[in-house]
There are 2 protein chains.
Amino acid sequence: MFAVKRKGKFMKRTKEEAEKTRDDLLKSAIQVFSEKGVARATLDEIAKGAGVTRGAVYWHFDNKAQIFDALHESMHRPFVDGIFEGLEKEHPNPIEQLRELWVKLFLDLQEDEIRRQALTLFLRKCNYSGDLAPYKEQHRKKQEESMQLFEDYLNKMEKAGKLSTEANPKLLTEGMFCFMKGILFEYLDEPEKYNIQKKAPELVGFFFNCLGQR
Amino acid sequence: MFAVKRKGKFMKRTKEEAEKTRDDLLKSAIQVFSEKGVARATLDEIAKGAGVTRGAVYWHFDNKAQIFDALHESMHRPFVDGIFEGLEKEHPNPIEQLRELWVKLFLDLQEDEIRRQALTLFLRKCNYSGDLAPYKEQHRKKQEESMQLFEDYLNKMEKAGKLSTEANPKLLTEGMFCFMKGILFEYLDEPEKYNIQKKAPELVGFFFNCLGQR
DNA sequence: TACAACATACATTCATGTATGTTTGCTGTC
DNA sequence: GACAGCAAACATACATGAATGTATGTTGTA
């Protein structure tokens with residue numbers, strides 16, 4: 001996978017090479033975690049996926065749980081930023097803007113396997129019990145923060161008079177999260193069999209089309 | 001938990017007692033599975049929760065995966081039946097009927113810990129990899145069947161003229177499933193902290209008030 | 001008394017964590 | 001600029017524990 005390092009059996013790496021090893025380990029971990037689930041994933045398999053041994057794993061990380069957390073650390077922020085980047089542009093209709101945003105997000109997943117696997121991992125393949133428990137609250141808090149950003153956005157739009165008067169930003173945010181998470185959950189169950197290209201516009205449209213009327 | 005059998009160390013059971021042991025094992029499994037996740041659950045803990053040893057487990061079941069499947073077998077049908085029982089009564093407005101149904105379903109979960117744990121287990125605590133893989137398609141098929149029942153129901157209502165002309169039964173069914181699953185997913189993450197009493201009516205109402213018309 | 005319904009004991013596997021070995025990049029020194 | 005020598009960045013080897021599956025023992029019931 002990321003196996004080829006240089007040539008010999010083992011050579012000391014430069015700092016950049018070491019950083020690459022760490023990245024490869026994280027990428028491999030995403031792959032293995034999303035396939036077998038965090039609990040059933042082994043450090044040996046993660047190491048092999050990165051073309052190294054468990055020695056490298058224990059050099060860069062403390063244990064599996066910390067790899068898991070490091071993954072969340074490295075994936076969450078870019079993901080959230082990517083979303084709100086789309087919301088910063090001016091748009092006459094926030095509901096329409098949200099609709100476009102979510103459809104694009106789902107469709108983009110088709111060609112972003114890493115992100116797809118990461119979402120699978122955090123949504124379906126970890127249960128935050130045992131050694132992952134310490135990170136549960138932490139990760140949940142991050143998610144609530146990004147949810148708050150949506151609510152802030154809708155509040156801003158409401159004050160700007162761009163939102164229907166009967167719309168409720170908090171309720172809309174919560175409902176939207178439930179709905180989108182539901183779609184994601186189904187899609188990620190079997191991405192190959194799920195026709196996201198067709199269903200994302202349908203379902204997201206279904207959600208926002210009538211909200212726009214209100 | 002279900003520890004007290006009779007008195008001595010071990011006595012051969014009658015058939016009814018053996019059946020009870022099996023039931024106790026399943027109940028204990030729900031508990032353990034929903035807490036630690038299927039992967040991290042051990043047969044020893046399940047046995048202890050039922051007041052027996054692993055000997056009893058291997059007498060009644062082949063392995064952990066089969067317990068998992070037996071649980072699905074015993075929980076799915078009653079759950080689905082319970083839902084559609086509510087839909088068989090006559091009601092002037094199907095959308096309103098669905099709204100009441102879902103709200104009731106969520107609220108009832110508050111006092112039905114077993115069902116709550118079972119849903120947690122199948123929705124959040126199993127990933128159908130490894131030894132559970134053989135059951136994935138099987139369980140998924142059952143879910144699709146019950147989804148089809150909803151669609152059938154809406155189709156019937158449409159033909160009876162009880163549904164808005166612009167409503168799309170298939171899309172409404174899919175959207176509804178995503179939305180409700182999203183709520184369930186959030187609720188089951190931390191049932192104690194989630195104010196389902198308040199949010200279930202809010203969110204379900206939000207969904208059907210406007211989306212239901214289409 | 002044979003067998004159902006378990007308990008107990010044992011062998012095996014598998015993943016983890018750690019201890020130790022190995023190679024080279026890098027740093028200071030002369 | 002050559003040359004130690006330390007330590008970074010791993011690989012390898014080993015010890016440990018935990019869970020599984022199975023084999024065997026036990027008891028009361030039908």
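To find a chain, count down the sequence lines: A is the first, B the second, and so on, and within it residues start at 1. Reckoned from all heavy atoms, side chains included, excluding hydrogens, waters and symmetry mates.
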Item to check | Salt-bridge criterion met for K156(B) and D152(B) (N-O under 4.0 Å) | outcome: no
Item to check | Salt-bridge present (D24(A), K20(A); N to O < 4.0 Å) | outcome: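 Judged by the 4.0 Å cut-off on N to carboxylate O distance, D24(A) and K20(A) do form a salt bridge.
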Next on the checklist: Please confirm whether the shortest side-chain N or O distance from T53(B) to OP1 or OP2 of dC6(C) is below 4.0 Å.
Outcome noted: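 So the side-chain polar atoms of T53(B) never come under 4.0 Å of the phosphate oxygens OP1 or OP2 of dC6(C).
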Item to check | Any T21(B) side-chain nitrogen or oxygen under 4.0 Å from OP1 or OP2 of dC6(C) | outcome: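 T21(B) to dC6(C) OP1/OP2: side-chain N or O found under 4.0 Å.
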Checklist entry - Is the Lys NZ or Arg CZ of K199(B) less than 6.0 Å from the centre of Y187(B)'s six-membered ring, within 45° of the axis? => result no
Quickly work out the [X] [atom1] to [N] [atom2] distance and round it to whole Å.
| X | N | atom1 | atom2 | value |
| --- | --- | --- | --- | --- |
| E17(B) | dT29(D) | CD | P | 8 Å |
| F61(B) | dT20(D) | CZ | C1' | 17 Å |
| K48(A) | dC10(D) | NZ | P | 18 Å |
| E16(B) | dA30(D) | CD | P | 8 Å |
| L25(A) | dA9(D) | CG | C1' | 12 Å |
| I46(B) | dG21(D) | CD1 | P | 12 Å |
| H60(A) | dA11(D) | NE2 | P | 9 Å |
| W59(A) | dA11(D) | CH2 | P | 12 Å |

Checklist entry - side-chain contact (heavy atoms from CB on, under 4.5 Å) between T21(A) and W59(A): does it pass, once the steps are laid out? => result CA-CA 11 Å; T21(A) 298; W59(A) 172 257; over 6 Å; no
Checklist entry - Applying salt bridge (Lys or Arg N to Asp or Glu O under 4.0 Å), which residue pairs with at least one partner in residues 137-147 of chain A are found, sequence neighbours left out? => result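 Found E73(A)-K142(A), E137(A)-K193(B), R140(A)-E144(A), R140(A)-D189(B), R140(A)-E190(B).
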Checklist entry - When rounded to the nearest 0.5 angstrom, what distance separates CD in Q110(B) from CZ in R116(B)? => result 8.0 Å
Could you list all N or O pairs between the protein and nucleotides 14-18 of chain C that sit under 3.5 Å apart?
| unit_1 | atom_1 | unit_2 | atom_2 | d |
| --- | --- | --- | --- | --- |
| dT16(C) | OP2 | L43(A) | N | 3.0 |
| dG17(C) | OP2 | Y58(A) | OH | 2.4 |
| dG17(C) | N7 | R54(A) | NH2 | 2.4 |
| dG17(C) | O6 | R54(A) | NH2 | 2.8 |

